[in-house]
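The structure appears right after this line, and notes come after that.
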Amino acid sequence: MGSFIQVVHLVGLLLLSGVVWSSSQSFWDNYQITWGSNNLIVQNQGSQVQISLDSSSGSGFGSKVSYGSGLITVRMKLSPQSYTAGVVTTFYMSSNTYNHDELDWEFLGHTAGQPYTLQTNVFTNGVGGREQRFTLWFDPSAAFHTYQILLNDYQTVFLVDGIPVRVFKNNAKIGVPYITQPLQILASIWDGDSWATDGGLAKINYAYAPFTAQFQNFGISGCQASNGNIQNCYSSQYWWNGPNYRQLSASQQNAYGIIKRHYMNYDYCTDKNRYPVAPPECSTE
């Protein structure tokens with residue numbers, strides 16, 4: 001398994017080699033505190049933020065504006081405690097509307113001796129239920145790792161250290177709604193013990209609090225949506241809308257297949273109890 005992990009890391013480095021994003025900007029340049037200010041600390045002259053959860057509150061932050069396309073990047077390190085059951089740590093994009101569009105990274109807390117679970121979900125026009133879950137090839141609490149969302153008019157790609165772990169294609173032509181609303185970038189930590197760990201059986205234990213998550217990289221490579229309209233964000237002037245980003249390359253497709261075979265442990269597309277007939281987008285994978 002060691003050599004296999006090395007191959008995955010090498011593929012990630014190759015995929016990242018052609019992409020540059022800004023890491024020098026301060027948190028305050030593009031983000032603001034959204035809730036739980038007592039549990040949020042801006043560190044290292046704005047280059048790092050720590051959010052925390054204790055029995056009194058969680059906390060969160062969000063971008064000052066919303067985006068219609070881009071490559072959205074953060075570096076994140078999770079809480080190091082041996083028991084974080086019930087704790088949900090998120091990095092996501094949301095339209096914050098009634099029929100909302102949303103793209104989710106959600107880390108679900110773990111019990112002693114068990115790894116973190118990474119859950120992704122996609123909401124379009126208010127409809128979600130598209131969960132995919134992974135056990136990562138590293139401990140996300142041991143060091144910072146890079147989490148990204150590539151969003152354009154062709155596809156949405158979730159990447160970990162440059163490796164695609166999920167692809168949601170624009171399948172509007174077969175009747176599957178796609179992202180149509182401006183999305184704010186958000187991050188939070190909160191108590192989700194009714195469902196997050198072992199289906200809600202493992203409960204949060206505040207004796208281990210505070211639970212923390214640290215974030216870095218606050219530069220944003222994205223198109224700011226204008227007056228709620230994202231059509232201008234599909235312009236070819238933005239590099240992330242170019243031909244190289246409209247579908248996975250051969251090397252990316254290979255890496256994606258490795259992740260799905262070895263690290264995905266739940267896929268809504270194959271859950272016959274929830275979906276006796278798989279949703280239409282599943283046939284385009």
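The figures that follow rest on heavy atoms only: side chains count, while hydrogens, waters and symmetry mates do not.
- Interatomic distance, CD1 of I149 versus OG1 of T73, reported as 9.5 Å (0.5 Å rounding).
- Using a 4.5 Å heavy-atom threshold, the side chains of R130 and F168 count as touching.
- Using a distance-only test at 3.5 Å, with no hydrogens or angles considered, no donor-acceptor pair links the side chain of N152 to the main chain of S69.
- Side chain of D267 to backbone of Q132: no donor-acceptor contact under 3.5 angstrom is found.
- Under the 4.5 Å side-chain criterion, counting only non-hydrogen atoms from C-beta, E131 is in contact with Y266.
- No side-chain donor-acceptor contact under 3.5 Å links R133 to the backbone of M264.
- Taking CD1 of I72 as the start and OG of S63 as the end, the distance is 8.0 Å to the nearest 0.5 Å.
- H145 and F138 have parallel rings, their planes meeting at less than 30° on a 0 to 90° scale where 60° marks the start of perpendicular.
- Atoms OG and CD, on S66 and Q181 in that order, are 10.0 Å from each other to the nearest 0.5 Å.
- Between the side chain of K64 and the main chain of Q32, no donor-acceptor pair closer than 3.5 Å is present.
- For the pairing with V87, the side chain to side chain contact (heavy atoms under 4.5 Å, CB included) check across L108, L53, T212 returns one residue only, L53.
- Under the 3.5 Å distance criterion, the side-chain polar atoms of S47 are matched with a main-chain donor or acceptor of N44.
- Aromatic ring orientation, Y268 versus Y275: perpendicular (interplanar angle above 60°, classes split at 30° and 60°).
- Distance CZ/R75 to CD/Q148: 10.0 Å, rounded to 0.5 Å.
- Annotation: side chain of Y245 is in contact with side chain of L150 (closest heavy-atom distance under 4.5 Å).
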